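Quick notes on the structure that follows.
None of the values given here were measured: they were computed from a predicted structure. Reminder, nothing fancy here: chain letters follow the sequence lines and each chain counts from 1. We use all heavy atoms of the structure for the numbers below, so side chains are in, but hydrogens, waters and symmetry mates are not.
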Number of protein chains: 2
Amino acid sequence: MPDNQLTPVSYVVLGLVAQGATTSYDMKQKASRSVGYFWNFPHSQLYAEPERLAKLGLLEEEREEGGRRRRVYTLTPAGRKALDEWLREPTSEQPQIRDTGLLKLFFGAGLTPAELSALARAQEEAHLARLAVYEEIADAVTSANHAAVVRAGLLHERTFVDFWRELAATRR
Amino acid sequence: MPDNQLTPVSYVVLGLVAQGATTSYDMKQKASRSVGYFWNFPHSQLYAEPERLAKLGLLEEEREEGGRRRRVYTLTPAGRKALDEWLREPTSEQPQIRDTGLLKLFFGAGLTPAELSALARAQEEAHLARLAVYEEIADAVTSANHAAVVRAGLLHERTFVDFWRELAATRR
DNA sequence: GGGTACATGTAATCAGTTACATGATTTA
DNA sequence: TAAATCATGTAACTGATTACATGTACCC
């Protein structure tokens, strides 16, 4: 029962399977318009990771007979347990942000006001685009928890749209 | 001049050296109370990465004679150029967030209100702690750009403190 | 002068990413 | 039936992380 060698992506996979995803492609589809927005990874991991989890006994792997003969995954009791325990453990782990824009701002003492302004506008655009996506998703969401996550996304994007907009204004 | 094989951490190192850091430990010190908050990485990278950059001709490496005989790095003209060009290129890249709390919320349809509340409080605590750090840093900051970055951090943390607090309240 | 914290690195591993390759299904 | 597009993977690489190991300076 080695439970601590699981990565966040492991739990994403377990969670997606628990929510009814069965094949890697299915997970990819579901993830790409939900959890993928706040924990991104390439689709190849959705082929590698389930295999690992199957080896650990947390997923069961079956092979389709006809057609594409793709691998179909289901949660084992051990997998369900691992997921539940992880979910129930409140994390105080610090969220990480990886923001190239802030990085450039931090090191950009030598930038001209125009260059800084261009950076700020590009970032504002990026956040606006993401905001639009979240607003669209917000309408389609069914569960209370998913709605809450989308809300977090909306608040976050609005915060940064404002931040960059103000920055562009004050440095003009 | 292979410029695209540089990672964000490469630029962090170049930026730190440009800001006057000379040894790996020095970079570690400076990063740990600034850029490390929004782009975290283990200190071992601050030994490996400068070596790579030196091989690429972007840093010059010298060895101290006496004492610890540590490696002292300085920017080469090519390094300065690479950094400047990167800084001047406005990024529209989407910032990534990696938030375990949101992950648990997303997959936590089966959590009881009490468990959800515990998660929310733990997350609120974590964000409050980080907020306190930023407030302290805010006073010590000298440059306008650094002040702006700290401001982004403050806004971000306040957003999430509020988010989790409200969540705990509405699900009670 | 012994202990403790600070400082400097290395080695090994692995998760994550990129790139490639091909099969199945739909559509025009 | 040809051509897109959707779908399913694999292989290779490497950046990032973990863990270890040791040296130096300080302080009690």
Side-chain angles (χ1 to χ4, degrees), chain A residues 2 4-14 16-17 21-33 35-36 38-56 58-59 61-73 93-94 96-98 100 103, chain B residues 2 4-14 16-17 21-33 35-36 38-56 58-59 61-73 93-94 96-98 100 103:
Chain A
N4 29 351
Q5 70 198 42
L6 299 183
T7 68
V9 174
S10 310
Y11 292 109
V12 169
V13 169
L14 291 176
L16 287 168
V17 174
T22 55
T23 69
S24 292
Y25 190 73
D26 201 8
M27 297 176 211
K28 175 182 154 188
Q29 292 297 85
K30 291 215 156 96
S32 74
R33 18 183 192 84
V35 65
F38 59 95
W39 205 292
N40 199 26
F41 47 84
H43 80 274
S44 64
Q45 270 191 269
L46 292 177
Y47 290 88
E49 189 63 30
E51 205 180 317
R52 266 187 58 208
L53 294 174
K55 277 210 189 78
L56 292 171
L58 304 179
L59 291 181
E61 179 183 320
E62 262 179 298
R63 205 75 193 230
E64 279 184 344
E65 279 311 311
R68 290 172 188 273
R69 289 193 42 74
R70 53 200 168 170
R71 299 178 167 90
V72 176
Y73 295 97
E93 194 182 320
Q94 294 286 351
Q96 303 286 322
I97 58 177
R98 299 265 154 137
T100 308
L103 225 45
Chain B
N4 29 352
Q5 71 200 42
L6 299 184
T7 69
V9 173
S10 311
Y11 292 109
V12 169
V13 168
L14 290 175
L16 288 168
V17 174
T22 55
T23 67
S24 293
Y25 190 72
D26 201 8
M27 297 176 209
K28 175 181 152 186
Q29 292 297 86
K30 291 216 156 95
S32 75
R33 15 181 196 85
V35 64
F38 58 96
W39 206 293
N40 199 28
F41 48 83
H43 80 273
S44 64
Q45 269 190 268
L46 292 176
Y47 291 88
E49 189 63 29
E51 205 180 317
R52 267 187 57 208
L53 294 174
K55 277 209 188 81
L56 292 172
L58 305 180
L59 290 181
E61 179 183 320
E62 263 180 298
R63 205 75 192 230
E64 278 185 347
E65 279 311 313
R68 291 174 186 269
R69 292 193 38 74
R70 52 199 169 169
R71 298 176 168 93
V72 176
Y73 295 97
E93 196 182 319
Q94 294 286 349
Q96 303 286 324
I97 57 177
R98 300 263 154 138
T100 308
L103 225 45

Measure the distance from [atom1] on [X] to [atom2] on [N] and round it to the nearest whole Å.
{"X": "B:R63", "N": "D:dG23", "atom1": "CZ", "atom2": "P", "result": "14 Å"}
{"X": "A:L46", "N": "D:dA7", "atom1": "CG", "atom2": "P", "result": "14 Å"}
{"X": "B:K28", "N": "C:dA5", "atom1": "NZ", "atom2": "P", "result": "15 Å"}
{"X": "B:R70", "N": "C:dC6", "atom1": "CZ", "atom2": "P", "result": "16 Å"}
{"X": "B:N40", "N": "D:dG15", "atom1": "CG", "atom2": "P", "result": "19 Å"}
{"X": "A:D26", "N": "D:dT8", "atom1": "CG", "atom2": "C1'", "result": "13 Å"}

With sequence neighbours excluded, tell me which residues meet side-chain hydrogen bond (donor to acceptor under 3.5 Å, both in side chains) with [X].
{"X": "B:S10", "answer": "B:T7, B:E49"}
{"X": "A:E93", "answer": "B:T100"}
{"X": "B:R98", "answer": "none"}

- Query: Residues two or more places apart in sequence or in another chain: which of them pass side chain to side chain contact (heavy atoms under 4.5 Å, CB included) with B:Y25?
  - Reply: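 Once residues adjacent in sequence are excluded, the partners of B:Y25 under the side chain to side chain contact (heavy atoms under 4.5 Å, CB included) criterion are B:T23, B:K28, B:Q29, B:Y47.
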
- Message: The criterion is side chain to side chain contact (heavy atoms under 4.5 Å, CB included); which residues satisfy it with A:T22, sequence neighbours excluded?
- Response: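 Here the qualifying residues are A:D26, A:V72.
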
- Task: Using a cut-off of 6.0 Å, state whether more than 12 heavy atoms not belonging to B:E62 lie near its atom CD.
- Result: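 Result for CD/B:E62: open.
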
Dump the pairs, protein N or O against N or O of nucleotides 10-16 of chain C, anything under 3.5 Å, distances to one decimal.
residue : atom : partner : partner atom : Å
C:dG16  : OP2  : A:Q45   : NE2          : 2.9

- Query: With respect to the side chain of B:Y25, which nucleotide from C:dC6, C:dG9, D:dT8 is positioned closest?
  - Reply: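 Closest nucleotide among those given: C:dC6.
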
